[in-house]
Amino acid sequence: MLQAALLRAVNVGGTGMVPMAELRAAVVALGFKDVRSLLQSGNLVLDAGKKSPAAVETALQAGFEKAFGFQTEIYARTGAELGEIIAGCPFPKEAKSDPAKLHVLFMRKAPAAAAFEALRAAIKGSERVTGGGRHAYLFYPDGAGASKLTSAVIARHLGTPGTARNWNTVGKFAALTA
């Protein structure tokens with residue numbers, strides 16, 4: 001079964017630098033097949049066989065630390081899960097008109113509805129957030145770079161870390177894992 005694996009804080013802002021060829025080779029050495037990278041920021045598509053996304057996350061995290069000497073969070077989703085994320089987008093107009101400013105936050109556990117309410121209450125700008133299950137949709141009308149709605153603020157209010165990808169990348173993942 002094809003899955004997307006998203007690595008947190010790899011090749012972003014000069015930290016966690018990992019050559020994609022070395023990352024692909026390390027993942028193949030773990031027994032995964034048809035390993036491809038997407039862009040240069042820790043995005044993989046791989047054939048996980050019968051492994052669940054949770055099993056893929058566990059195996060990749062252990063293998064990553066062994067191969068590269070530091071830890072990072074890894075979030076895996078099946079093609080079906082990515083299709084559901086796209087189908088359930090609460091910002092369809094923004095997805096079409098400004099997909100680079102619409103992000104999906106991938107998390108391991110589902111925050112409570114009250115956590116999303118607390119996060120929305122903490123927003124100081126024009127950003128919009130909604131979520132359900134193990135993902136959230138974040139729209140940054142003025143761009144994520146200058147936003148005060150940072151990953152630290154999000155994790156503090158939702159009670160769990162995550163990694164975000166813009167709508168264009170989510171669409172590419174969905175197409176590659178379908």
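Quantities reported herein were computed from a predicted structural model and do not represent experimental measurements.
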Main-chain N/O of Thr78 paired with Glu81 side-chain donor or acceptor, under 3.5 Å: yes

Stepwise side-chain contact (heavy atoms from CB on, under 4.5 Å) test for Asp98 and Trp167: CA-CA 9 Å; Asp98 215 348; Trp167 195 249; over 6 Å; no

Short side-chain to backbone donor-acceptor contact, Asp47 and Lys33, under 3.5 Å: no

Pair Leu138-Phe91, side-chain contact (heavy atoms from CB on, under 4.5 Å): steps then yes or no: CA-CA 9 Å; Leu138 309 138; Phe91 303 116; over 6 Å; no

Point-to-point distance, once rounded to the nearest 0.5 Å, from CZ of Arg134 to CE of Met107: 9.5 Å

N/O donor-acceptor pair under 3.5 Å between Asp34 side chain and Leu46 backbone: no

Residue pair Ile85 / Phe106: nearest heavy atoms and the distance that separates them: CD1-CE2, 3.7 Å

Ile86 side chain reached by Phe173 side chain, heavy atoms, under 4.5 Å: no

Short side-chain to backbone donor-acceptor contact, Arg77 and Pro53, under 3.5 Å: no

Lys101 (side chain) donor-acceptor with Pro141 (main chain) under 3.5 angstrom: yes

From His135 atom NE2 to Glu84 atom CD, the distance as rounded to the nearest 0.5 Å: 8.5 Å

Residue pair Thr177 / Ala4: nearest heavy atoms and the distance that separates them: CG2-N, 3.8 Å

Under 3.5 Å donor-acceptor, Ser147 side chain and Gly143 backbone: no

The single option from Leu176, Val56, Val27 passing side-chain contact (heavy atoms from CB on, under 4.5 Å) against Leu44: Val27

hydrophobic_cluster_shared for Leu7 and Ile154, side chain cutoff 4.5 Å: no

Side-chain heavy atoms of Leu30 within contact of Phe64, under 4.5 Å: no

Considering all heavy atoms, the nearest Leu38-Lys172 contact: CD2-CB, 3.9 Å

side-chain contact (heavy atoms from CB on, under 4.5 Å) between Ser151 and Arg8, intermediate numbers included: CA-CA 11 Å; Ser151 59; Arg8 184 171 189 243; 4.2 Å; yes

Ion pair Arg128/Glu94, N-O distance below 4.0 Å: yes

Ala26 to Phe68 - nearest heavy-atom pair and separation: CB-CE1, 4.1 Å

Near-ring test His103/Tyr137, centroid separation under 6.0 angstrom: no

Gln61 side chain to Ile74 backbone, donor-acceptor under 3.5 Å: yes

Spacing of Asp142 atom CG and Lys148 atom NZ [to the nearest 0.5 Å]: 11.5 Å

Stepwise side-chain contact (heavy atoms from CB on, under 4.5 Å) check, Leu23 with Val35: CA-CA 9 Å; Leu23 177 60; Val35 178; over 6 Å; no

Rounded distance [0.5 Å steps], CZ in Arg165 versus CG in Leu82: 11.5 Å

Quiz item: cation-pi between Arg108 and Tyr75, 6.0 Å / 45°: yes

Cation over ring face, Lys93 and Phe139, 6.0 Å, 45°: no

Minimum heavy-atom distance Asn166-Asn168, with the two atoms named: OD1-N, 2.9 Å

Among Leu6, Asn43, Val104, Thr72, side-chain contact (heavy atoms from CB on, under 4.5 Å) partner for Thr163: Leu6

Any donor-acceptor N/O pair, Gln3 side chain to Lys51 backbone, under 3.5 Å: yes

Distance-minimising heavy-atom pair for Leu102 and Cys89: CD2-SG, 3.8 Å

Side-chain heavy-atom pair Val129, Leu149 within 4.5 angstrom cut-off: yes

